[in-house]
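This structure is a prediction, so every number in the text was calculated from the model and none was measured.
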Amino acid sequence: MKRRKFFQSTGWGSLGFILAAQSSALASTFPRIDNRPSLELETFDFSATTIDKAGVVRQRKTHTASFFSESLSATEQLAMVAIAPGKFWMGPSRLESRAQAYERPRHAVGLSSFFISKYPITQAQWAAVAALPKVRRELNSVPSHFQDSNRPVESISWLDAMEFCDRLSQQTGRQYQLPSEAQWEYACRAGTQTPFNTGATITSQLADYIGTYTYQAENSGTYRQATVPVGQFPPNAFGLYDMHGNVWEWCADSWHPTYRNAPMDGKAWVEAQRSPMRTIRGGSWLDAPVKIRSASRSGYLETGLNRTIGFRVSVV
């Protein structure tokens, strides 16, 4: 059996939900770094798109975001977008009729400022960091099923993604981590409370998913049956790309079957006891639109490899 065996499940044809209470490990294994180098922020302009429930474009609004570039190698850069502090309602609103019990209860969360990668980590970025000195575990420099330097890396475990963060932290002097689940949803929503950051629905012109399924009254679209290069679709209002679809994204949190007793400060929700289950967000190319909503979530084994799971990184 090949290492990248594809685990197709029931339901819409993507990852099966793992709805059992689990304990967890620490969100990061790398020690805190206090001598971080100073940041030189730049800005970029972009346009975010909003559509109505029929999929018709209602607004294209220009925004400006700040970011810094992290050098990964002589040829590879990692763009890290600044996310301002704020409060938001995490989880679906009462009007979101297709929401699931494990996405509730809706609760208020306040977050400090942080940076998050502009795109999911690409295969070229993965290879550059995989070439850095080992911290805890070996990394396969070419793990992905869908090969392309600008496609998101996939078929990597949560433990592999953590090693990526640890190597990058050791190299740069900044403490890179997987985003917390709260950070991820705050960044995905970008100030919205609709099912998608695009509005009441989404179309296959705006994300990579099973576009032949519909969520509201939009026309059916394209099912690409694979990942696509990052940045192919419009960003959200924070300047972040591919938050809906393409690949699920690992978060730092343990998997919890509800938000009862979840942290209210935006930090990763972890337990003292180690657990093999971790949270993933965002949905993938193999999901119907209901699974790529801003509030959609699932759990997966931290050792699991799947061609629908990638990640992005954060830093404070």
Side-chain angles (χ1 to χ4, degrees), residues 24-42 65-73 76-86 109-122 125-139 152-153 156-188 238-240 243 249-254 262-272 274-275 278-282 302 309-316:
S24 177
L26 296 177
S28 177
T29 58
F30 202 77
R32 179 165 294 280
I33 297 169
D34 296 317
N35 58 338
R36 294 175 292 178
S38 60
L39 297 175
E40 295 184 9
L41 295 183
E42 306 173 70
S66 298
F67 75 104
F68 73 90
S69 290
E70 193 75 87
S71 179
L72 305 182
S73 69
E76 288 301 318
Q77 301 288 317
L78 174 63
M80 298 295 296
V81 177
I83 306 298
V109 178
L111 296 96
S112 302
S113 61
F114 62 99
F115 294 86
I116 192 167
S117 49
K118 188 176 183 178
Y119 311 101
I121 297 300
T122 66
Q125 291 168 337
W126 175 269
V129 172
L132 297 176
K134 170 185 171 182
V135 176
R136 295 179 184 274
R137 59 189 283 120
E138 300 292 342
L139 292 178
V153 69
I156 49 93
S157 70
W158 183 89
L159 296 173
D160 292 336
M162 289 293 289
E163 175 69 16
F164 179 100
C165 293
D166 289 349
R167 292 190 192 191
L168 187 55
S169 298
Q170 182 171 261
Q171 175 75 9
T172 65
R174 279 181 266 275
Q175 189 180 12
Y176 281 90
Q177 298 192 47
L178 296 175
S180 71
E181 196 174 355
Q183 286 177 327
W184 192 97
E185 187 170 327
Y186 181 72
C188 176
F238 283 173
L240 304 175
M243 298 298 289
E249 299 179 10
W250 289 114
C251 290
D253 307 57
S254 306
M264 301 177 66
D265 58 3
K267 293 181 180 178
W269 190 9
V270 295
E271 309 290 346
R274 185 167 182 78
S275 166
R278 298 290 169 175
T279 303
I280 51 176
R281 299 297 302 256
E302 66 179 27
I309 305 178
F311 72 109
R312 69 182 74 214
V313 295
S314 68
V315 70
V316 296

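Looking at heavy atoms from C-beta onward, Leu240 lies in side-chain contact with Ile83 at the 4.5 angstrom threshold. Here the side chains of Arg312 and Met243 are in contact, with some heavy-atom distance below 4.5 Å. Between Ser157 and Asp160 the shortest side-chain heavy-atom distance falls below 4.5 Å. A 4.5 Å side-chain heavy-atom check between Thr172 and Val315 finds every atom pair outside the cut-off. Taking 4.5 Å as the limit, some side-chain heavy atom of Phe311 sits within range of a side-chain heavy atom of Phe164. Here the side chains of Val81 and Phe68 are not in contact, with every heavy-atom distance at 4.5 Å or above. Looking at heavy atoms from C-beta onward, Leu111 lies in side-chain contact with Gln183 at the 4.5 angstrom threshold. For the pair Trp126/Leu139, a side-chain contact is recorded, criterion being any heavy-atom separation below 4.5 Å from C-beta on.
For the residue pair Asp166/Ser169, the side-chain donor-acceptor check at 3.5 Å is not satisfied. No donor-acceptor contact under 3.5 angstrom links the side chains of Trp269 and Glu181, judged on distance only.
Legend: residues meeting ring pair (Phe, Tyr, Trp, His ring centres under 6.0 Å) with Tyr186, ordered by chain and number and at least two apart, are Phe88, Phe238. Residues passing the side chain to side chain contact (heavy atoms under 4.5 Å, CB included) test with Glu76, sequence neighbours excluded: Leu72, Ser73, Ala124, Gln125, Ala128. Every residue meeting the side-chain hydrogen bond (donor to acceptor under 3.5 Å, both in side chains) condition with Glu185, not counting sequence neighbours, appears here in chain and number order: Arg189, Arg281.
Among all heavy-atom pairs drawn from Ala161 and Ile156, the shortest one is CB-CD1, 4.3 Å. Taking every heavy atom of both residues into account, Trp184 and Pro179 meet most closely at CD1-CG, 4.3 Å.
In this structure, Ser117 contributes its side chain and Val313 its backbone to a donor-acceptor pair below 3.5 Å. Of the possible polar contacts, none joining the Asp253 side chain to the Ala268 backbone as a donor-acceptor pair under 3.5 Å is found. Arg167 contributes a side-chain N or O that, together with a main-chain N or O of Leu132, makes up a donor-acceptor pair within less than 3.5 Å. Distance alone, capped at 3.5 Å, is enough to place a donor-acceptor pair between the Ser180 side chain and the Gly266 backbone.
We find the CZ-CH2 distance between Arg278 and Trp158 to be 3.5 Å, quoted to the nearest 0.5 Å. Expressed to the nearest 0.5 Å, how far CG of Leu78 lies from OG1 of Thr122 amounts to 8.5 Å. Rounded to the nearest 0.5 angstrom, Glu40 CD and Ser69 OG are separated by 10.5 Å.
A salt bridge is absent between Arg137 and Glu163: the closest approach of a Lys/Arg side-chain nitrogen to an acidic carboxylate oxygen does not fall below 4.0 angstrom.
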### Task
Report the C-alpha separation of Glu70 and Arg174 in whole Å, then their side-chain angles, then the decisive distance to 0.1 Å, and conclude whether the salt bridge (Lys or Arg N to Asp or Glu O under 4.0 Å) test is met.
CA-CA 10 Å; Glu70 193 75 87; Arg174 279 181 266 275; 2.8 Å; yes
### Task
Kindly determine whether Met80 and Tyr176 satisfy side chain to side chain contact (heavy atoms under 4.5 Å, CB included), including the steps that lead there.
CA-CA 11 Å; Met80 298 295 296; Tyr176 281 90; 3.8 Å; yes
### Query
Is there a side chain to side chain contact (heavy atoms under 4.5 Å, CB included) between Val316 and Ser113 once you walk through the steps?
CA-CA 7 Å; Val316 296; Ser113 61; over 6 Å; no
#### Entry: Evaluation steps, side chain to side chain contact (heavy atoms under 4.5 Å, CB included), between Asp265 and Val109
CA-CA 6 Å; Asp265 58 3; Val109 178; over 6 Å; no
### Task
Applying ring-ring contact (aromatic ring centres under 6.0 Å, His included), run through Phe115 and Phe67 and close with a yes or a no.
CA-CA 8 Å; Phe115 294 86; Phe67 75 104; 9.8 Å; no
